[in-house]
Amino acid sequence: MTSEVILARVLKSLDEDKAEDVVQIDLRGISSIGDYMIIASGRSSRQVVSISEKMVDRLKQEYGISCKLEGKDGGDWVLIDTGDVVVHVFRPEVREFYQLEKMWLPAGASGAK
């Protein structure tokens, strides 16, 4: 299973569940935490948790990937670690506060998908 296949399924899952402001960051050659980082928003805590749970279920069912999931209980920021693709799903206010895009994207890049 390549990281590109996982990335494509993660992006499709986010689209299916109406995630907003999806940003894709290529980490290859930059960090050892994974090949790609995805940052997305849900409109509410409930949607953030739902997006995350459905993604984990889809990856398990379709590819046999057991993901690590953190932050589900709070619903403000959920981290899904597939091994090759790291996904952050935020409520908009929390995403604005942490501004992960600014830490990981090169200056001037948007990463929007």
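Note that the structure is a prediction, hence the values are computed from the model and not measured.
Partners of D57 by side-chain contact (heavy atoms from CB on, under 4.5 Å), not counting sequence neighbours: none found. With sequence neighbours excluded, the residues that form a salt bridge (Lys or Arg N to Asp or Glu O under 4.0 Å) with R43 are E20. Residues passing the side-chain hydrogen bond (donor to acceptor under 3.5 Å, both in side chains) test with S3, sequence neighbours excluded: D35. In terms of the salt bridge (Lys or Arg N to Asp or Glu O under 4.0 Å) criterion, K60 has no residue partners (sequence neighbours excluded).
E16 and R58 are joined by a salt bridge, as a carboxylate oxygen and a charged side-chain nitrogen come within less than 4.0 angstrom of each other.
Closest approach of I80 to M55, counting heavy atoms only: CD1-SD, 4.1 Å. Scanning both residues, A19 and A40, for their nearest heavy atoms gives CB-CB, 4.1 Å. The heavy-atom pair separating G74 from S45 by the smallest distance is O-OG, 4.1 Å. Heavy-atom minimum distance, C67 versus V56: CB-CG2, 4.1 Å.
Residue pairs satisfying the side chain to side chain donor-acceptor pair (under 3.5 Å) criterion with at least one member in residues 67-76, sequence neighbours excluded, are listed as follows: E53-K72, D76-R91. Identified under the ring pair (Phe, Tyr, Trp, His ring centres under 6.0 Å) test for residues 46-80, with sequence neighbours left out: W77-H88, W77-F90, W77-Y98.
Proximity of a side-chain donor or acceptor of S13 to a complementary backbone N or O of R9 within less than 3.5 Å is not detected.
When hydrophobic clusters are built by joining Ile, Leu, Val, Met, Phe, Trp and Tyr residues whose side-chain heavy atoms come closer than 4.5 Å, directly or via intermediates, W104 is grouped together with I39. Hydrophobic clustering (side-chain heavy atoms under 4.5 Å, transitive across Ile, Leu, Val, Met, Phe, Trp, Tyr) groups V22 together with V78. L79 and V89 fall into different hydrophobic clusters, where Ile, Leu, Val, Met, Phe, Trp and Tyr are joined by side-chain heavy atoms under 4.5 Å apart, directly or via other members. Residues L69 and I65 are members of one and the same hydrophobic cluster, defined by side-chain heavy-atom contacts under 4.5 angstrom among Ile, Leu, Val, Met, Phe, Trp and Tyr. No continuous path of hydrophobic side-chain contacts links V86 to L7 [ILVMFWY only; heavy atoms under 4.5 Å].
Annotation: side chain of L59 is not in contact with side chain of M1 (no heavy-atom distance under 4.5 Å).
For the atom pair NZ (K54) and CG (L14), the distance works out to 12.0 Å, reported to the nearest 0.5 Å. Here the straight-line distance linking atom CG of L27 with atom CD1 of I25 works out to 6.5 Å at 0.5 Å rounding.
Around CD of Q61, the count of heavy atoms belonging to other residues, nucleotides or ligands within 6.0 Å does not exceed 12.
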